[in-house]
Amino acid sequence: MSNSFDDMPFFDEEPGEAPRKQQAPAAPARGVPVSGGLAARAMAARGGAQQRPDYLEGLNPEQTEAVETLEGPVLVLAGAGTGKTRVLTTRIAHILNTNRAFPSQILAVTFTNKAAREMKERIAHLVGGAVEGMPWLGTFHSIGVKLLRRHAELVNLRSDFTILDTDDVVRLVKQLIQAEGLDDKRWPAKQFAGMIDTWKNKGLGPADIPEGDARAFANGKGRELYFAYQQRLSTLNACDFGDLLMHPIAIFRKTPDLLKEYHQRFRYILVDEYQDTNTAQYMWLRLLAQRPKGEPQNVCCVGDDDQSIYGWRGAEVDNILRFEKDFPGAKVIKLERNYRSTAHILGAAAHLITHNEGRLGKTLFTDRRDPDDIKVQLHNSWDSEEEARAIGDEIEQLQRNQHKLNDMAILVRASFQMREFEDRFVTLGLNYRVIGGPRFYERLEIRDAMAYFRLVAQPADDLAFERIINTPKRGLGDTTVRALHDYARARDIPMLAAAADIIETDELKPKARKALFDVIQSFRRWQERLENTSHTELAEQILEESGYTDMWKADKTADAPARLDNLKELIRSMESFESMRGFLEHVSLVMDAEQNENLDAVSIMTLHSAKGLEFETVFLPGWEEGLFPHQRSLDETGRAGLEEERRLAYVGLTRAKRRCHLWFVNNRRIHGLWQSTIPSRFLEELPDTHVDVAAVEQSYGGYGRGGGYGQSRFDKAEPFANSHSTPGWKRAQQNRNDATRDNWGSRSGHSVERIGYGEAGPKSRTIDGELVAKSTTTEPSKFKTGDRVFHMKFGNGNIKMIEGNKLTIEFDRAGEKRVLDGFVEPVS
DNA sequence: GTAAGTCTCATTTTT
DNA sequence: TGAGACTTAC
């Protein structure tokens, strides 16, 4: 995609008349680059010849149907590993090769830049380089920007508007909250920024938000603040991410003629990961895809309701469930043949997901009969440290058997779980890469540098101004900034302009005035160079002349050299862009940096970031109640939350091609407190026929085996260790068994307390017999200081201190620990 | 303006 | 427990 916005004439990139379906084969339409061989065959196919184009070879009947059903609305329900991307890309190749549309007449939307990039590559591969001309293949947001650059004036922006990221937004909101005279501790900016984001995900502007929402924040000033925020964005000539969807929607709504032009333009619309669309994206799409009667609605959405895992950030599975209503006469094609995983893995995943209600109902199957097909392996460890050790051992074992580390992944529910693995792998000297996590462009020094660039390119960018006006230190502290701020606000001009004005007055102290004068001179100089200096050179000059690099050179902290390296890397990454503006736009939308793929390393990532990926071997640690399914998910969204967690489990399992290892531990430290855990209910939902309970790693001395899974299959496989005969141990087990027997025995069974221990335990809430929430009650502890107690992990000890239900205990063997009172038993 | 002390919070994350 | 934001004291 082009990186600059001013090189794009509107609607005139190709001949006025669209290519027709039945054009003369000898003369492909002007401007449609098709490779000879493929095109010829495609045309032959159209002409009734028997020969099918190459790219259709090897597709199964459903896939073929999904590729060839080009007219009318199509919903492709594509299960995990069923060749979804292949269908999507082949479909586009097919449209192009049969001359049904020019590349620029296809709108293809993805969620991530990565997906967009991959799709481009694959199409290029299929049609031989023609995708250069697919300007409308991209993320919702990048396409949104493109639309908005063209029609910015319709929503009171200039086409060189800035795109603010989350950090900028929070700072801006904070200013507004303070300007309102509100206490920004009581009403955190971050929270309100989150609310705005949620509203925009739903397509709600300040006037549309529910009264309740508006009242909920800042003593009822929610709506006002939202209005003020939008006002401020407009003044700053800026957009947040939500606006990239909201503004185009507004534009389409108020200028039907324009919308009509886009209707004519986009002859084919394709959407990937449709289950992840939020309401705003849905509205956006519907405006573009729904046509008056008689006009073609060639829209094709591809998705999998079973892989919808982004409900928490506004995705509406409903969109996919409702497709047939939105587009009457839609053809629904299910892809259920899986090409990725072995029968056992698939069987386990498919069975697990049947526990969800409200699905469209697909069942994955495979014809694969792998002679060495192994079942999903279930392991248990005493605690997370041992879990990391065991997985590390397993990985080393595989490595000895010539397996590549690149083919292995550890997928965790929450990122705090990663640490233990990293620690272990560092000890072992095992290469690993963490996917996700803090990104290049989020680093402090990068953001500072970017602020300089932004301010040069867009002098009205006050957020950038405030960020760097005193970085490096120039003696322009809070007082000066506030003065500038007030001055600028009073006259409704950008702060940089205000600064230029104010140095002509005597409002500032001479020292500050001088410093400010110098900065402004610098910016004037850089702005002049913007047009005639190469942007990489200019960037270097800015960082040098501003004293920014010197600041880090003078910095004696350990990470200063790394920061300087990052700045160099930043300049280097600018080289592939044609201009400073092009680069800035890229960064605001594509906040990722490439990873080193040459290194053979185990991947560690969250289940969320694993979606769309596949590995030979997948390790899934931490399958325990409270962590997975995550307690908070259950607390906040109840049944829906549980089902989303289950889909996450499904996503995890289906990432594995050949080997899948599940793990759960008996004890996990959460917020510094040791908690005894219960195996995830998802484990119970896996069919025996596809799961093996693997030999249990024994490495924690006499305390190695924990148990307490009531009448579950784990009992049979692994009888309790017999070395525990203390009363406390027995009682602890008894308690667990009591709790689990009631709840785990049968699915339809009632559910009472699963997490509680004894009378004083936390209370649980259930929905349809499934435990959904526990509320933590703060009943007085039944212990008193000095009591002798037993803990399953740490053994005997004496209570030193009690705070609510948290006990500080001096253990005989393990030293001082803080634990919850539910996990210790009195020793008489 | 920095350094140390205090408070708070603790899923998932893209754009 | 431990990281990060924020405050307070020099």
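Given the structure is predicted, the values throughout are model-derived calculations rather than measurements. The sequence lines fix the lettering, A, B, ..., with proteins before strands; numbering per chain opens at 1.
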dT13(B) phosphate, OP1 or OP2: any side-chain N/O from Thr606(A) under 4.0 angstrom?
yes
Does [X] have any salt bridge (Lys or Arg N to Asp or Glu O under 4.0 Å) partners at least two apart in sequence or in another chain, and if so, which?
X: Arg474(A); value: none
X: Asp461(A); value: Arg454(A)
X: Lys174(A); value: Asp184(A)
X: Asp306(A); value: Arg359(A), Lys362(A)

Provide, to the nearest angstrom, the distance between the [atom1] atom belonging to [X] and the [atom2] atom belonging to [N].
X: Asp272(A); N: dT15(B); atom1: CG; atom2: C1'; result: 16 Å
X: Asp165(A); N: dT13(B); atom1: CG; atom2: P; result: 17 Å
X: Arg647(A); N: dT12(B); atom1: CZ; atom2: C1'; result: 13 Å
X: His608(A); N: dT13(B); atom1: NE2; atom2: P; result: 7 Å
X: Phe111(A); N: dT12(B); atom1: CZ; atom2: P; result: 20 Å
X: Asp167(A); N: dT15(B); atom1: CG; atom2: C1'; result: 15 Å
X: Phe140(A); N: dT15(B); atom1: CZ; atom2: C1'; result: 12 Å
X: Arg646(A); N: dT12(B); atom1: CZ; atom2: C1'; result: 18 Å

Sorted by position of nearest nucleotide on DNA chain B, 5' first, the leading residue of Tyr310(A) and Leu476(A) is Leu476(A)
Between Glu644(A) and Gly242(A), the residue closer to the 5' end of DNA chain B by nearest nucleotide is Glu644(A)
The criterion is side-chain hydrogen bond (donor to acceptor under 3.5 Å, both in side chains); which residues satisfy it with His630(A), sequence neighbours excluded?
none
Which two nucleotides bound the region of DNA chain C that has atoms under 4.0 Å from heavy atoms of chain A, read 5' to 3'?
dT1(C) to dT7(C)
Atom C1', compared across dA5(C) and dT12(B): separation rounded to whole Å:
22 Å
Same-atom distance (P) from dG4(C) to dT11(B), integer angstrom:
14 Å
Going by ring pair (Phe, Tyr, Trp, His ring centres under 6.0 Å), name the residues that satisfy it together with Tyr432(A), two or more places apart in sequence or in a different chain.
none
Results of ring pair (Phe, Tyr, Trp, His ring centres under 6.0 Å) for Trp284(A) - residues two or more places apart only:
Phe140(A)
Contact class for Ser609(A) vs. all strands (heavy atom < 4.0 Å): base, sugar-phosphate, or nothing?
sugar-phosphate
SB check Arg419(A) Glu422(A) (cutoff 4.0 Å):
no
Between Lys84(A) and Glu273(A), does any side-chain N to carboxylate O distance fall below 4.0 Å?
yes
Anything under 3.5 Å between a protein N or O and an N or O of nucleotides 6-11 of chain B, put it in a table, one pair a line.
residue : atom : partner   : partner atom : Å
dT11(B) : O4'  : His630(A) : NE2          : 3.4

